[in-house]
Amino acid sequence: MVASALRRGAHAYVYLVSKASHISRGHQHQAWGSRPAAGECAAQRAPGSVVELLGTSYPQDDYSNLTRKVLTRVGRNLHNQQHHPLWLIKERVKEHFYKQYVGRFGTPLFSVYDSLSPVVTTWQNFDSLLIPADHPSRKKGDNYYLNRTHMLRAHTSAHQWDLLHAGLDAFLVVGDVYRRDQIDSQHYPIFHQLEAVRLFSKHELFAGIKDGENLQLFEQSSRSAHKQETHTMEAVKFVEFDLKQTLTRLVAHLFGDGLEIRWVDCYFPFTHPSFEMEINFHGEWLEVLGCGVMEQQLVNSAGAQDRIGWAFGLGLERLAMILYDIPDIRLFWSEDERFLKQFRVSNMNQKVKFQPLSKYPPMINDISFWLPSENYAENDFYDLVRTIGGDLVEKVDLIDKFEHPKTHKTSHCYRITYRHMERTLSQREVRHIHQALQEAVVQRLGVEGRF
């Protein structure tokens, strides 16, 4: 999870996760710093228009809000590129689960799905996970919609119901997820999640327990802070113990033995009780994942009424930034050989400490404008900045907010930090980009420029 996103309204669950965090076939990328051609600020909508993505055409409507910038990232699948730092994290987690959890016939207990399409239905992304129709996590301002019925997944949990419905009871899902968000070194509109689900039958959960045959998974009672209304306290405590033991072993595998861990009670939409795991790493407490006992209503709706389970989710960028000391989330998209070669290791478990590329100087420009009377969303501005400036934009800060005493119009002033990860920018090229942004923000967002 990264849980902060959930608290904000939540796409949540960290399979759900979120912190620190095409048109694919040709992997075409706009060069850093190049000015977009007319019409590239967003996938344009016209009557009867469609967007082509991963070999399928999707009709556009009033919900369509994919930008060219995001479209060029779909299909990159950084988590499947050998020796990429996100691939290393994924493979280390897979290796751990394959070795630690073995089925009756000596085969891995957990199956792994890391190539599922990021295009999902809104039912998969929200309804299957019991997210109400009026929940704020559905907002256009927070998601990338192809149209009213299809979107780019906001979390890997969008596949959970389908896999449970197919009869699976232990699996990992890894993939790229998409959320409209602020711009800084920890946030990017595309990041990668890994989530795990495990279900237990009565026999599996209570095996080896004295008088276990007399214990039950389910009862009809009332919901409390510690359990759901359909679960017995015994079942919840055993599931919670197994979940926390599983995660303690996983972080020990990733970070080494002797790691100090603490659990924080929290709320996620699809689990109860729910927890965040924090680790003390180099003297600082860091949230690394979210987890909990799965909502039984979700499990039942997928056809596993006789089972109870847990789920957890973590952000691959978040872990990689901690483990490898990577300071900026944009680096994961770099094709600079100086970055990539640092992760070509013969043993995926060997320690790697990222050696920074030269830190090139920033170029800072401000932009201010009067907001329109309605329909202004800050994430629309951030998307526009990303589309125009690409990965040259290091961060965007709202540095001033002003309401005119007579007109009651509101003005925003943003400070944009431009910094190339691989070379020094010239004032001329930054001015070129910044002017394009000034023109686009007036044309596309309906603001009144103060520049």
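When reading the values below, keep in mind they use all heavy atoms of this one structure, side chains included, and skip hydrogens, waters and symmetry mates. This one's a predicted model, so the numbers in the text were calculated from it and none came from an experiment.
Between the side chain of His165 and the backbone N or O of Gly303, no donor-acceptor pair lies under 3.5 Å.
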_Under the criterion salt bridge (Lys or Arg N to Asp or Glu O under 4.0 Å), I'd like the reasoning laid out for Arg180 against Asp383: C-alpha separation, chi angles, the key distance, then a yes or no._
CA-CA 7 Å; Arg180 306 178 77 199; Asp383 257 4; 2.8 Å; yes

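A side chain to side chain donor-acceptor pair (under 3.5 Å) with Asp176 is found for one member of Arg76, Arg153, Gln193 and no other, namely Arg153.
Between Tyr144 and Tyr178, the angle of the ring planes goes over 60°, which puts this pair in the perpendicular group of the 30/60° scheme.
Using a 4.0 Å cut-off between charged side-chain N and carboxylate O, Lys140 and Asp380 make no salt bridge. Salt bridge annotation for Glu295-Arg223: present, with a cationic side-chain nitrogen under 4.0 angstrom from a carboxylate oxygen. Lys395 and Asp328 are not joined by a salt bridge, as no carboxylate oxygen comes within less than 4.0 angstrom of a charged side-chain nitrogen. Remark: Lys353 engages Asp325 in a salt bridge, criterion side-chain N to carboxylate O under 4.0 Å. Taking a cutoff of 4.0 Å between a charged side-chain nitrogen and a carboxylate oxygen, Asp366 and Arg415 qualify as a salt bridge.
For Pro356, the side chain to side chain contact (heavy atoms under 4.5 Å, CB included) test picks out Phe354, with sequence neighbours left out. A search for ring pair (Phe, Tyr, Trp, His ring centres under 6.0 Å) contacts involving Trp285 returns nothing, not counting sequence neighbours. For Arg148, the salt bridge (charged side-chain N to carboxylate O under 4.0 Å, His left out) partners at least two apart in sequence or on another chain are Asp62. Under the ring pair (Phe, Tyr, Trp, His ring centres under 6.0 Å) criterion, Tyr113 pairs with no residue at all, not counting sequence neighbours. For Phe343, the ring pair (Phe, Tyr, Trp, His ring centres under 6.0 Å) criterion is met by Tyr324, Phe339, not counting sequence neighbours. For His272, the ring pair (Phe, Tyr, Trp, His ring centres under 6.0 Å) test picks out no residue, with sequence neighbours left out. Applying the side chain to side chain contact (heavy atoms under 4.5 Å, CB included) test to Asp169 and every residue at least two apart in sequence or in another chain returns Leu199, Arg307. The side chain to side chain contact (heavy atoms under 4.5 Å, CB included) check on Lys341 picks up Glu337, Arg344, with sequence neighbours excluded.
Between Tyr414 and Phe369, the ring center distance clears the sub-6.0 Å criterion.
Thr230 and Gln296 are not linked by any side-chain donor-acceptor pair at a separation below 3.5 angstrom, with hydrogens and angles left out of the test. Judged by distance alone, the side chains of Arg179 and His187 never bring a donor and an acceptor atom under 3.5 Å apart. For the 3.5 Å distance criterion, the side chains of His203 and Ser201 fail to qualify, holding no donor opposite an acceptor. No hydrogens or angles considered: a donor-acceptor pair under 3.5 Å links the side chains of Trp310 and Asp242. Under the 3.5 Å distance criterion, with hydrogens and angles disregarded, no donor-acceptor pair is assigned to the side chains of Tyr63 and Asn65. Side-chain N/O atoms of Gln160 and Ser128 include no donor and acceptor closer than 3.5 Å.
Residues Glu276 and Cys266 have side chains in contact (heavy-atom distance under 4.5 Å, counting atoms from C-beta outward). Using a 4.5 Å heavy-atom cutoff, the side chains of Ile367 and Phe381 are in contact. Looking at Val288 and Leu314, their side chains never come closer than 4.5 Å, going by heavy atoms from C-beta outward. Taking the side chain as every heavy atom from C-beta outward, Met151 and Phe126 approach each other to under 4.5 Å. A heavy-atom distance below 4.5 Å is found between the side chains of Phe255 and Leu323. Within the 4.5 Å cutoff, no side-chain heavy atoms of His412 are placed close to those of Val447. By the 4.5 Å heavy-atom criterion applied to side chains, Asp400 and Ser368 are not counted as neighbours. Looking at Leu194 and Thr156, their side chains never come closer than 4.5 Å, going by heavy atoms from C-beta outward.
In this structure, Gln124 CD and Leu129 CG are separated by 9.5 Å, a value rounded to the nearest 0.5 Å. With rounding to the nearest 0.5 Å, the separation of CD1 in Ile322 from CD in Glu287 is 9.0 Å. We find the CD-CH2 distance between Gln81 and Trp87 to be 11.5 Å, quoted to the nearest 0.5 Å. In this structure, OG1 in Thr122 is found 11.0 Å from CD1 in Ile131, a value given to the nearest 0.5 Å. A distance of 7.0 Å separates CG of Leu66 from CG of Leu53, quoted to the nearest 0.5 Å.
Closest of all the heavy-atom pairs between Leu215 and Ile209 is CD1-CG2, 4.2 Å. Considering all non-hydrogen atoms of both residues, Ala235 and Leu217 come closest at CB-O, 3.7 Å. The two residues Pro59 and Asn147 make their nearest non-hydrogen contact at O-ND2, 2.8 Å. Here the closest non-hydrogen pair linking Cys291 and Thr271 is O-OG1, 4.1 Å. Residues Glu284 and Asn280 approach most closely at N-OD1, 3.3 Å, considering heavy atoms. Here the shortest heavy-atom pairing between Leu398 and Cys413 reads CD1-O, 3.5 Å.
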Contacts table for residues 96-105: side-chain donor-acceptor under 3.5 angstrom, sequence neighbours left out:
none

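With a 6.0 Å radius and a threshold of 12 heavy atoms from other residues, nucleotides or ligands, His83 has its NE2 atom above the threshold. Taking a 6.0 Å sphere around CD of Gln297, one finds it holds 12 or fewer heavy atoms contributed by other residues, nucleotides or ligands.
Counting only residues at least two apart or in different chains, salt bridge (charged side-chain N to carboxylate O under 4.0 Å, His left out) contacts with residues 81-92 comprise Lys90-Asp114, Glu91-Lys94. Every pair passing salt bridge (charged side-chain N to carboxylate O under 4.0 Å, His left out) that includes a residue from residues 209-222 is listed here, sequence neighbours excluded: Glu219-Lys227. Counting only residues at least two apart or on different chains, the ring pair (Phe, Tyr, Trp, His ring centres under 6.0 Å) pairs with a member in residues 206-234 are Phe206-Phe238.
A cation-pi arrangement is present between Arg386 and Tyr188 under the rule of less than 6.0 angstrom and at most 45 degrees off the ring axis.
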